[in-house]
Amino acid sequence: MAAPSVSVLITGANRGLGLEMVKQIVEAPRPMKKLFACCRDPDGPRAEALQTLAKKHPDIISVVRLDADDLCSIKQCAQHVGSLVGTGGLNLLINNAGILFRKTLQETSPEEMQKTFNTNVIGPMSILQEFLPHLRSAAKACGTPGMSTSKAAVVNISSTLASMQRIQQTYEIIPAVSYRISKAALNMLTMCAVEELRKDEILFSLLHPGWVRTEMGGEDGEIDVQESVLGMCDVMASLTEKQNGAFLDYKGNPIPW
Ligand code: NDP
């Protein structure tokens, strides 16, 4: 039997890891119904590369405005996506958008902490809440038991910097206090979703992309976007109910909490 075609949504899809995810997912042999590539400013200069890519795959890629800091844009995006996916629902939601301030505890301002929380925690929470009906539809439409990213899943892009057990190895390299705290909160948000939505057969997973050469990762990053996304796509394709709530790196290795 042919694999079912899936609908996927990616936030922060105009550059960095998000843009590379759109590229690799649309070019993968896996049948694709719709790929919603979300960004803050679809018509602005920072979305040019994404728009060029979307023009090559007009039937699949849909560039949609979504600002993780703006609940109104999240609701509008969810409504738009719902009208396109219908009862088939949304199979995979990737919360990739994120921000980072490279500041120590003593340098971090309350405003930076608030801003980081807005984008990295409250954004993904609101996105999950608004897209939940579409994820539930996808789980129902699938009709087979179990969990997978072809059925209904949320992948939250986290970071090894959220790992409390690894802090002694990572703190001096990148303190980024507000970012660490926000990603640790994202991890807990994900575990709450695991508990609350297990009965809906929606899979949740946390992925660390590696230290990647993007605007956020900087030039000293250990790997390029292609390698990171290739790894993350393989990991996402392999996820089952056994990895529900897992915190994994781009090679599929578990990260200690
Ligand atoms: P980049 O800084 O290169 O890209 C960040 C993306 O997030 C951009 O598309 C940006 O859009 C978008 N974004 C930022 N704020 C918002 C917002 N409020 N609403 C919608 N989109 C927003 O980062 P990376 O590609 O490197 O990072 C992607 C994810 O991977 C992040 O969650 C990050 O924390 C995580 N990560 C990255 C690592 C790395 O080494 N690079 C390591 C570990 C985790 P815009 O152009 O509009 O600013």
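In listed order, ligands and their atoms are each counted from 1.
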Quiz item: How would you list all residue pairs meeting side-chain hydrogen bond (donor to acceptor under 3.5 Å, both in side chains) that involve residues 24-46, not counting sequence neighbours?
Solution: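 Every pair satisfying side-chain hydrogen bond (donor to acceptor under 3.5 Å, both in side chains) with a residue in residues 24-46: E20-Q24, R30-S150, R46-E215.
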Quiz prompt | Sequence neighbours excluded - side-chain hydrogen bond (donor to acceptor under 3.5 Å, both in side chains) pairs with any residue from residues 225-238 | solution =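 Of all non-adjacent pairs touching residues 225-238, none passes side-chain hydrogen bond (donor to acceptor under 3.5 Å, both in side chains).
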Quiz item: Who's touching ligand 1 if we go heavy atoms under 4.0 Å?
Solution: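 For ligand 1, the contacting residues are G12, N14, R15, G16, L17, R40, R46, L66, D67, A68, D69, N96, A97, G98, I99, T119, I157, S158, S159, Y179, K183, H208, P209, G210, W211, V212, T214, E215, M216, G217.
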Quiz prompt | Sequence neighbours excluded, every pair satisfying ring-ring contact (aromatic ring centres under 6.0 Å, His included) that has a member inside residues 232-257 | solution =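 Non-adjacent pairs meeting ring-ring contact (aromatic ring centres under 6.0 Å, His included): F247-W257.
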Quiz item: CD of Q169: more than 12 outside heavy atoms within 6.0 angstrom?
Solution: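 Check passes, neighbour count above 12.
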Self-check item: Residue E196 excluded, over 12 heavy atoms near CD under 6.0 Å
Solution: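 At most 12 heavy atoms, drawn from other residues, nucleotides or ligands, come within 6.0 Å of this atom.
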Practice problem: Determine the sole option in S182, S163, S158 for which the side chain to side chain donor-acceptor pair (under 3.5 Å) test with N187 is passed. | Solution: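 Among S182, S163, S158, the one that satisfies the side chain to side chain donor-acceptor pair (under 3.5 Å) with N187 is S158.
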